[in-house]
There are 2 protein chains.
Amino acid sequence: MRLLLVEDDRRIASDVASALTSAGYVVEIVRDGEEAWFLGDTEDYGAVILDLGLPGMDGLAVLKRWRSNGRHMPVLVLTARASWAERVDGIDAGADDYLPKPFRMEELLARLRSIVRRTAGHASSVVSAGDITLDERQMKVSVRGVPIALSPLEYRLVAHLLRHRGRVVSQHELDENIYGHGEDHDSNALEVLIGRVRKKLGAELIETRRGFGYLVPETPA
Amino acid sequence: MRLLLVEDDRRIASDVASALTSAGYVVEIVRDGEEAWFLGDTEDYGAVILDLGLPGMDGLAVLKRWRSNGRHMPVLVLTARASWAERVDGIDAGADDYLPKPFRMEELLARLRSIVRRTAGHASSVVSAGDITLDERQMKVSVRGVPIALSPLEYRLVAHLLRHRGRVVSQHELDENIYGHGEDHDSNALEVLIGRVRKKLGAELIETRRGFGYLVPETPA
DNA sequence: TGATCCATGTCAGCGAAATGTCAGGTCGTT
DNA sequence: AACGACCTGACATTTCGCTGACATGGATCA
């Protein structure tokens, strides 16, 4: 799962990021409120870990703007100031949970799992493109109603492409979202994966944009 | 909005009640588990604030009986004890949020707003999938009407999977909800448990989603 | 106290599924 | 045509989940 980590303290950011990474998440880090807002507004993250006390734009303001733009991803708020007033503000701004610094990494992981689980029902869980339907709750992919068995990696590939249908997705982005950060790329594993998915779901689903990446066309309503 | 406040300590009850009243809620107070259960079962409340440690009937038991009767109003549990195990018990019993004592009144209000905001859930006393029926009130599982004896862990497993039928449940989530701790996982105890349940209830009930978790398919009505 | 039962964890090994690797192919661009 | 990006099929390897057998440990009861 892809996470956005918003934290300006480099030391904390890298500690947290490495813990998250080894827990199997794919992590993007930003240190600035403006950029955090932009990414959270335009990209899809499974969850956001948001430090208050940021340069650029206040963390709570970022959160409120996301919420008022209809962005519902789970948000875990971190803060050094552990006053109850802040907790209240955070919850009212739309935070799903709240973690005062300093914290143990295990607790962060536990709370993260908790909010991800709790808000899992809110995601619109069925996406489709062309003949293909993806049910994220059941992790089931169907072609014209017929369920197709996909391996884990194949599923992640399809899920990511369908979530971002209508735009070109680079190989690098796919790498990051499907595998973790294993920098190998003298391998064509991704291409092989694409091939296998095409064989199962039909070659038309995924278009190749030579030199740029892959595209699942948006289906006109 | 009308609230039910279940709290046997008169001092706390009146403090909370006056705070709630001045926050605009209409509050009814009960001090006894039996009466709480009766009112919660027969009247409609926007939310319930439930203290554990009650005379008459244990708070968690009250909550469980509400839930198994199909009462799904948001419930905020107050407790002096806040261990992980308690939390798991509370969540299993159907609590929407937890607030450890002592607490700030503002935080109680914030959490109350929060659980009311996400009014969505539902819980009924009997769920079924395929040939399997789970009666949560009696903690009884049947296959085509024939009761099957399950061990405590087996029951928790089945109950969790059936409550969340129709979506893939990760091994980790099962771990957390069946056992109550975090990071042991170099054991295959859960897989063994799954195997035993399958032997008792039939292999078709639980599908394996390799790499992701398990799924009890939703049965079309 | 000891015998026994039941629930549960542990372990080793099996087999299938998943995934990576490689060695050519194909296709498009210059 | 030549180059590089991409595709494909075959094969090797690794991972994952299942199973049966055994160990442990607590509860119960004579």
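Each chain gets a letter, A, B and so on, in the order the sequences are listed, and its residues count up from 1. Atoms considered below: every heavy atom in the structure, side chains included; atoms not considered: hydrogens, waters and symmetry mates. Bear in mind that the values here come from a model prediction, so they are computed numbers and not experimental data.
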Chemist: Counting only heavy atoms not in A:R10 (residues, nucleotides, ligands), do more than 12 fall under 6.0 Å from its CZ?
Modeler: no

Chemist: Is any side-chain N or O of A:K199 closer than 4.0 Å to OP1 or OP2 of D:dG9?
Modeler: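 Result: yes.
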
Chemist: Specify the residue among A:P152 and B:E154 whose closest nucleotide of DNA chain C lies further upstream toward the 5′ end.
Modeler: B:E154

Chemist: Distance check needed: C:dT8 C1' versus B:L150 CG, whole Å only.
Modeler: 14 Å

Chemist: Can you tell me if the side-chain N/O atoms of A:Y179 get under 4.0 Å from OP1 or OP2 in C:dG20?
Modeler: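 The answer is yes; a side-chain N or O of A:Y179 sits under 4.0 Å from OP1 or OP2.
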
Chemist: State whether the distance check finds a donor on one side and an acceptor on the other, under 3.5 Å, for side chain A:R209 versus base C:dG28.
Modeler: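 Donor-acceptor pair under 3.5 Å: no.
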
Chemist: For the side chain of A:R198 and the base of D:dG9, is some donor closer than 3.5 Å to an acceptor across the two?
Modeler: no

Chemist: In whole angstroms, how far is the C1' atom of D:dC16 from the CG atom of A:L153?
Modeler: 13 Å

Chemist: Can you identify which nucleotide, out of C:dA7, C:dC11, C:dT21, has its nearest atom closest to the B:S151 side chain?
Modeler: C:dA7

Chemist: Hey, does the side chain of A:T208 come within less than 4.0 Å of D:dA5's phosphate (OP1/OP2), counting only N and O?
Modeler: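 Result: no.
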
Chemist: Please tell me if B:S187 has a side-chain N or O lying less than 4.0 Å from either OP1 or OP2 of C:dT10.
Modeler: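 Indeed, a polar side-chain atom of B:S187 lies that close.
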
Chemist: Determine whether a donor-acceptor pair (one donor, one acceptor, N or O, separation below 3.5 Å) exists between the side chain of B:R210 and the base of D:dC16.
Modeler: yes

Chemist: Of the candidate nucleotides C:dG20, D:dC18, C:dT8, which contains the atom at the shortest distance from the side chain of A:R196?
Modeler: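 Nearest listed nucleotide: C:dG20.
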
Chemist: Report yes if at least one side-chain N or O of A:Q171 is closer than 4.0 Å to OP1 or OP2 of D:dC6; otherwise report no.
Modeler: yes

Chemist: Any heavy-atom pair between the side chains of B:L112 and B:I49 that's under 4.5 Å?
Modeler: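 The answer is yes, as the side chains (C-beta and beyond) meet within the 4.5 Å cut-off.
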
Chemist: When you measure from the side-chain N and O atoms of B:Y214 to the phosphate of D:dC18, is any distance below 4.0 Å, counting only OP1 and OP2?
Modeler: yes

Chemist: Of B:G211 and A:E191, whose closest DNA chain D nucleotide lies nearer the 5' terminus?
Modeler: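 Going by which nucleotide is closer to the 5' end, it is A:E191.
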
Chemist: Which whole-number value in Å describes the distance from B:L193 CG to D:dC18 C1'?
Modeler: 13 Å

Chemist: Looking at side-chain heavy atoms only, is the closest gap between A:H72 and A:W66 below 4.5 Å?
Modeler: no

Chemist: Measure CG/A:N188 against C1'/D:dC11 and give the value in whole Å, please.
Modeler: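 Distance check: A:N188 CG to D:dC11 C1' gives 14 Å.
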
Chemist: Could you tell me how far apart B:L157 (CG) and C:dT8 (C1') are, to the nearest whole angstrom?
Modeler: 13 Å

Chemist: Measure the distance from CD1 on A:I206 to P on D:dC6 and round it to the nearest whole Å.
Modeler: 14 Å

Chemist: Assess the residue pair A:T208 and A:R198 against the criterion (side-chain hydrogen bond (donor to acceptor under 3.5 Å, both in side chains)); give the C-alpha distance rounded to whole Å, side-chain angles, the decisive distance to 0.1 Å, and a yes or no.
Modeler: CA-CA 11 Å; A:T208 301; A:R198 280 184 174 141; 2.7 Å; yes

Chemist: Quickly work out the B:K200 NZ to C:dC6 C1' distance and round it to whole Å.
Modeler: 10 Å

Chemist: Kindly indicate whether the side chain of B:V216, heavy atoms from C-beta on, has any atom under 4.5 Å from the side chain of B:L205.
Modeler: yes

